[in-house]
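Reckoned from all heavy atoms, side chains included, excluding hydrogens, waters and symmetry mates. Note that ligands are numbered from 1 as they come in the structure, with each ligand's atoms numbered from 1 the same way.
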Amino acid sequence: MEFSGTNNSYFITFSSFFILFVAFATILNPIFALKSCEFPAIFNFGDSNSDTGAMPAAFIPPNPPYGETYFHMPAGRYSDGRLIIDFITKSLNHPYMSAYLDSMGTNFSRGANFAAAGSTIRIPFSIIPHGISSPFSLDVQFLQFLQFKLKSQMIRKQGGVFAKLMPKEEYFPKALYTFDIGQNDIGDGLLSNLTIEEVIASVPDIVNRFSANIENIYDLGARTFWIHNTGPIGCLPYILANFPAEKDDAGCAKPYNEVAQFFNAKLNESIIQLRKNFPSAAFIYVDVYSVKYSLFSSPKKHGFELPLIACCGYGGMYNFNDSAGCGEKIIVNGSEVVVGSCDRPSVRVNWDGIHYTEAANKFVFDQISTGAFSHPPIPLNMSCML
Ligand SMILES: *[C@@H]1O[C@H](CO)[C@@H](O)[C@H](O)[C@H]1NC(C)=O
Ligand SMILES: *[C@@H]1O[C@H](CO)[C@@H](O)[C@H](O)[C@H]1NC(C)=O
Ligand SMILES: *[C@@H]1O[C@H](CO)[C@@H](O)[C@H](O)[C@H]1NC(C)=O
Ligand SMILES: *[C@@H]1O[C@H](CO)[C@@H](O)[C@H](O)[C@H]1NC(C)=O
Ligand SMILES: *[C@@H]1O[C@H](CO)[C@@H](O)[C@H](O)[C@H]1NC(C)=O
Ligand SMILES: *[C@@H]1O[C@H](CO)[C@@H](O)[C@H](O)[C@H]1NC(C)=O
């Protein structure tokens, strides 16, 4: 025996003290990578802010001029071009992500995107086509991920043409897991005639569902979580045109932004709790709200104009009307016209009344990828744990 009884218990005491110390130090000061992380795969969950083709595959794709700026055709995205998630994948030298629901020509070797436009965290009030929300709420996106993880490995074992299109098993714990969801829990609540007070009262439950899904994904081996908070919904034309409200200095609807801020505060709290519960994982809270809001409060400073006016839309103060959506055909003065794009989407913030332009998405990515808006303040490319 190397240790006498006394030394041994001393060793045990010391080692448990050491483990406690490390655990404590990790909570206070998580140990992040010192150099660029190698994320072999990316898995994304969310709504239209990061949908790269799910809803268009499941239902009806958007019409031109969606996609005009970058892909030069509607490319499964609700924007004139790329989304924040596209800039994230590009900066990490990944290909643009395939939507899990897209059955045509998809390549999942570097991950999969479960985000679907119109998705909520909670089970939605009503589902399209009769209602307004996507059927692919976060619980469903988790179930799809569970399926994906099991089935992709079966397909790899079978070999053949499809094996190479699936991620390797060891990619799952090393992958980056990104989230951008919650906006529709607020927006769809309002469109379903909940009062602001009722939406606020539902926020703790919404955030609990979010955490529960994060835990489920953690249980499947995920360790790096990059979580966007929700944007200033009260600055979006679809809210401004539908819900008259008190405006702030930027012209945004104050009470609706306060709901988003309340959601974000609760989200932040729940992420602090997740860090305590799972000290071996990295949970990065990314304050997308502040970056997006700066586009409305000081557009000129950042090279933008008319941030509250939809680029592609028709009618009213905000160039937005639910019954004349971007790319739809409408009758004006007796003749049919297609609701088209503004002249310079590259200096505009809002694309279609709900979604941001490629230019705005790139601006947001450039700001958040440095870590300046994250808690803890870690750049995207160093956000994995050692
Ligand atoms: C799938 O994507 C990977 C990673 O980008 C790439 O190396 C591979 O060639 C792609 N496979 C096909 C069949 O396109
Ligand atoms: C909300 O109220 C409007 C106006 O009263 C009504 O047209 C609409 O059907 C209601 N929506 C829901 C989901 O109850
Ligand atoms: C989130 O919580 C952290 C830690 O308590 C705090 O430093 C930070 O300011 C919070 N961020 C937001 C946006 O509430
Ligand atoms: C939207 O368009 C419809 C039909 O042209 C019109 O009746 C309605 O007043 C418009 N709504 C707004 C908010 O401008
Ligand atoms: C429709 O006709 C009115 C009256 O002639 C005119 O003022 C308006 O500019 C026309 N609208 C469009 C989109 O051509
Ligand atoms: C990591 O990101 C930072 C900040 O966004 C950037 O300056 C740096 O060049 C990146 N490093 C690598 C290796 O890509």
Are the side chain of [X] and the backbone N or O of [Y] linked by a donor-acceptor pair below 3.5 Å?
X: Thr224; Y: Ala282; value: no
X: Arg348; Y: Ile309; value: yes
X: Lys300; Y: Glu305; value: no

Purely on distance, is any nitrogen or oxygen of Asn268 under 3.5 Å from one on ligand 3?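 Yes: some nitrogen or oxygen of Asn268 is under 3.5 Å from one in ligand 3.
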Taking heavy atoms and a distance under 4.0 Å, where does Glu269 meet ligand 3: side chain, backbone, both or neither?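 Answer for Glu269: neither.
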Write out the protein residues near ligand 1, meaning a non-hydrogen atom under 4.0 Å from one of its atoms, in order of chain and number.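 For ligand 1, the residues that come within the 4.0 Å heavy-atom cutoff are Pro95, Asn107, Ser109, Arg110, Leu165.
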Any atoms of ligand 6 less than 4.0 Å from a non-hydrogen atom of Ser36? List them with their elements.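 Here the atoms of ligand 6 in question are 12 (C), 13 (C).
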Residue Asn381 vicinity, atoms of ligand 6 by number, heavy atom under 4.0 Å: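 Numbered from 1, ligand 6 contributes 1 (C), 2 (O), 3 (C), 8 (C), 10 (C), 11 (N), 12 (C), 14 (O).
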Option passing ring pair (Phe, Tyr, Trp, His ring centres under 6.0 Å) with Tyr100 (candidates Phe43, Phe145, Phe114):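 Exactly one candidate clears the test, Phe114.
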So is Tyr289 touching ligand 3 or not, going by heavy atoms under 4.0 Å?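 Under 4.0 Å: no for Tyr289.
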Would Asn264 count as a contact residue for ligand 3, given that I'm defining contact as a non-hydrogen atom of the residue lying under 4.0 Å from a ligand atom?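 No; Asn264 lies far enough from ligand 3 that no heavy-atom distance drops under 4.0 Å.
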Residue pairs, two or more places apart or on separate chains, that pass ring pair (Phe, Tyr, Trp, His ring centres under 6.0 Å) and touch residues 196-224: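 Residue pairs with at least one partner in residues 196-224: Phe179-Phe210, Tyr218-Phe278.
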Considering the heavy atoms of Ile272, write down every atom of ligand 3 situated less than 4.0 Å from one of them.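 So the atoms of ligand 3 that pass are 2 (O), 4 (C), 5 (O).
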Please list, in number order, the atoms of ligand 3 under 4.0 Å from a heavy atom of Tyr285.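 Counting atoms of ligand 3 from 1, those under 4.0 Å from Tyr285 are 13 (C).
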Pro167 to Ser152 - nearest heavy-atom pair and separation: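 Here Pro167 and Ser152 meet closest at CD-CB, 4.1 Å.
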Apply disulfide (SG to SG under 2.5 Å) to the pair Cys312 and Cys342, showing each step before the final yes or no. CA-CA 6 Å; Cys312 183; Cys342 60; over 6 Å; no
Any salt bridge between Asp86 and Lys90, counting N to O under 4.0 Å?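 Salt bridge flag = no for Lys90 with Asp86.
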Establish, for the pair Lys149 and Phe172, whether the NZ or CZ atom is under 6.0 angstrom from the six-membered ring centre and no further than 45 degrees off its axis.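 Checked: cation-pi criterion met.
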Does the cation-pi check pass for Arg275 over Phe283, that is, NZ or CZ under 6.0 Å from the six-membered ring centre and within 45° of its axis?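 No, Arg275 and Phe283 do not form such a contact.
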